[in-house]
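One structure below.
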Amino acid sequence: MSELISSVQLKKADGKPITFNFKFENGLPMKPILKADFKVGKNKQSQQIKIFGIVDKEIVFDNLLIKNITHHDSLDAPNNKDIFFHFDDFYIVYYGMDEELLKLCLSTNAIVGFYDRENNPLLTIAIS
Amino acid sequence: MIINFLDTKTYHNIISYKVVENKKLNDEEYDILENGKDYFKSKSETEQLQSSVLNSLRYASSQNVLPSTLPEHLNVKFLSASTWDKLRDRFLDSPIAQLEDPNTLYVSTKLLPQHQHNSKNTLISQLYDKFKNPQQVLDLVVFHELGHLIFNNSFSKLTQFNQEILDTKTLLEKFKDKYFKENYQSIPLYQMNRSLEEHFADSYSSIILSKRYGETHQDYIDIRTGTDLDGLTRTQGFNININRLTDNFKQLSKLDYERDGIDTVIKQLYDISLTGSKEVMTNKLRIVRNDDLLNKLQSNLKSLGIETENNKKDILDKTEEVIKSKAENGEVKGLSNKRMFDIHSVEDRLKFFENKFGKVDGLSDSNKLKK
């Protein structure tokens with residue numbers, strides 16, 4: 001997990017507080033990013049599309065909620081999108097998803113599943 | 001549950017989700033459509049950069065050099081090296097007033113030492129060559145940019161004045177600036193006013209750096225003179241900024257923010273910068289065709305409703321007076337509110353221009369026209 005922080009409060013010369021808010025270039029507030037390896041697959045039987053995110057089990061996913069999912073133009077790969085999964089204290093980011101594939105995922109109610117390295121489910125959701 | 005999809009500027013409510021499965025993954029059940037890319041390593045550079053920026057900001061706070069004129073919140077936006085390259089071009093075409101948020105400080109991973117190996121000619125790599133200490137380089141950049149934010153918040157009338165001056169430009173002048181990279185040569189008053197801000201930012205940075213690292217102001221002068229093309233400053237190094245620092249930095253050693261407090265010192269920095277800015281203009285007049293530059297300056301003043309006598313001294317004095325007056329109370333004696341053209345006539349002129357010369361990318365930018 002990275003150790004990025006979203007803000008720091010310091011003081012001005014007159015003693016009053018000043019807060020520096022740190023933002024990613026897409027405008028989101030900075031938070032630590034939990035590393036995940038992603039794949040997108042289509043179920044051979046049901047044709048259901050699934051986005052797998054394999055994460056190191058650094059944190060406990062029990063009772064964790066995804067607060068938001070956002071996508072942003074990927075700066076490292078033109079025509080691709082970075083998908084940010086927002087949790088309270090960190091993000092999981094799928095960097096550089098093909099834009100057409102993202103559209104397909106959205107139009108087919110794809111499933112997003114986060115798993116540990118032993119393929120145990122941590123959190124699985126459907127998006128639409 | 002409604003989830004907001006966000007791109008850089010807008011939200012789209014297009015997605016909802018619910019928890020649906022709780023079984024072990026068997027990826028043999030799937031045909032893989034895409035393997036995600038591992039950009040995580042490069043993203044960790046943001047962490048490295050944030051650590052250095054935090055070090056700079058915490059030092060500034062501990063030294064009481066964050067003036068009371070700063071707002072309660074400032075943003076620090078982190079850009080990748082590739083984005084920086086793209087945005088830099090945009091910045092170079094735009095004055096500071098056209099940035100998305102005047103209270104945002106932009107930093108790029110391009111500032112990190114590992115990005116300097118192929119860029120020996122850039123200002124940043126020259127800074128690394130000179131100072132060796134990465135934190136010192138980051139301090140110089142961060143405090144310089146912070147200096148801009150302090151200037152904009154402490155002397156906001158001058159920032160607005162930049163836009164007033166730009167509003168007096170004709171479309172042909174805008175075209176020449178953009179496509180022939182004339183860098184606002186037709187409006188030396190603007191160059192002088194912008195030069196003042198650059199002086200200020202450099203001076204602010206220098207007084208902190210010299211205290212923290214012991215080098216003299218001259219050390220920073222040497223590295224900052226010349227071109228700004230590869231600097232992090234958000235305005236292009238106008239010709240008139242070259243050698244802008246030579247004299248005014250000599251006065252910086254007289255300042256002591258520990259003794260007088262930073263709120264007093266930033267006013268002193270402004271005075272020094274104004275003197276330096278006028279001096280730069282005077283120096284410029286020695287090396288270019290005086291009549292041409294003076295005529296332009298006189299014309300700039302006239303378009304703002306200020307009449308001058310036909311001599312160098314009066315023109316320069318009035319220029320200084322107008323900038324001073326703006327900084328102090330926002331009003332300029334003899335300054336007319338009349339603009340050269342309103343938005344409708346600009347559009348008419350644009351149509352005329354495009355009919356005559358064809359469509360010109362950038363000139364149709366409605367925001368620029370409205371400003």
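In the text below, chain A, chain B and the rest are named by the order of the sequence lines, each starting its count at 1.
- The nearest pair of heavy atoms linking Leu70(B) to Lys12(A) is O-NZ, 2.5 Å.
- If you check the side chains of Gln45(A) and Tyr30(B), you find no donor sitting under 3.5 Å from an acceptor.
- Sorted by first and then second residue, the salt bridge (Lys or Arg N to Asp or Glu O under 4.0 Å) pairs involving residues 103-114 of chain A (not counting sequence neighbours) are Glu100(A)-Lys103(A).
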Side chain to side chain contact (heavy atoms under 4.5 Å, CB included) evaluation trace for Asn21(A) with Val76(B): CA-CA 6 Å; Asn21(A) 299 306; Val76(B) 183; over 6 Å; no
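- Per-residue counts of heavy-atom pairs under 4.5 Å with chain B were compared for Ala13(A), Gly53(A), Gly15(A); the largest is that of Ala13(A).
- Looking at Phe20(A), the atoms closer than 4.5 Å to chain B (heavy atoms on both sides) sit in the backbone and in the side chain alike.
- Of the atoms belonging to Leu10(A), heavy atoms from both backbone and side chain fall under 4.5 Å from chain B.
- Atom CG of Leu4(A) sits about 8.0 Å away from atom CZ of Phe78(B), to the nearest 0.5 Å.
- Between Gln50(B) and Ile5(A) the shortest side-chain heavy-atom distance falls below 4.5 Å.
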Intermediate values then yes/no, side chain to side chain contact (heavy atoms under 4.5 Å, CB included), Ile18(A) and His73(B): CA-CA 6 Å; Ile18(A) 178 170; His73(B) 292 270; over 6 Å; no
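- Distance check, rounded to the nearest 0.5 Å: CD of Glu34(B) to NZ of Lys39(A) gives 12.5 Å.
- Every residue was checked against the side-chain hydrogen bond (donor to acceptor under 3.5 Å, both in side chains) condition with Asp260(B), not counting sequence neighbours, and none meets it.
- Between the NZ atom in Lys42(A) and the CG atom in Leu33(B) there is a gap of 6.5 Å [rounded to 0.5 Å].
- None of Val107(B), Leu54(B), Asn75(B) except one satisfies the side chain to side chain contact (heavy atoms under 4.5 Å, CB included) rule with Phe22(A); the exception is Leu54(B).
- Around the CG atom of Asn79(A), the shell of radius 6.0 Å holds no more than 12 heavy atoms that belong to other residues, nucleotides or ligands.
- Counting heavy-atom neighbours within 6.0 Å of Lys44(A) NZ, excluding the residue itself, gives a total above 12.
- Here Glu47(B) contributes atom CD and Met30(A) contributes atom CE; the two are 9.5 Å apart, rounded to the nearest 0.5 Å.
- Summarising the geometry of Asn119(A) relative to Lys24(B), their closest heavy-atom pair is O-CG, 3.0 Å, with the distance given to 0.1 Å.
- Looking at heavy atoms from C-beta onward, Ile32(B) lies out of side-chain contact with Val40(A) at the 4.5 angstrom threshold.
- Both the backbone and the side chain of Lys11(A) come within contact range of chain B, judged by heavy atoms closer than 4.5 Å.
- Comparing Glu72(B), Arg58(B), Gln63(B) by how many heavy-atom pairs each has under 4.5 Å with chain A, the most go to Glu72(B).
- Within the model, atoms CG of Asn35(B) and CG of Asp37(A) stand 9.5 Å from one another, a figure rounded to the nearest 0.5 Å.
- Of the listed residues (Leu25(B), Leu66(B), Leu57(B)), the greatest number of heavy-atom pairs within a distance under 4.5 Å of chain A belongs to Leu25(B).
- Interface remark: Val65(B) contributes no atoms to any contact with chain A (heavy atom separation under 4.5 Å).
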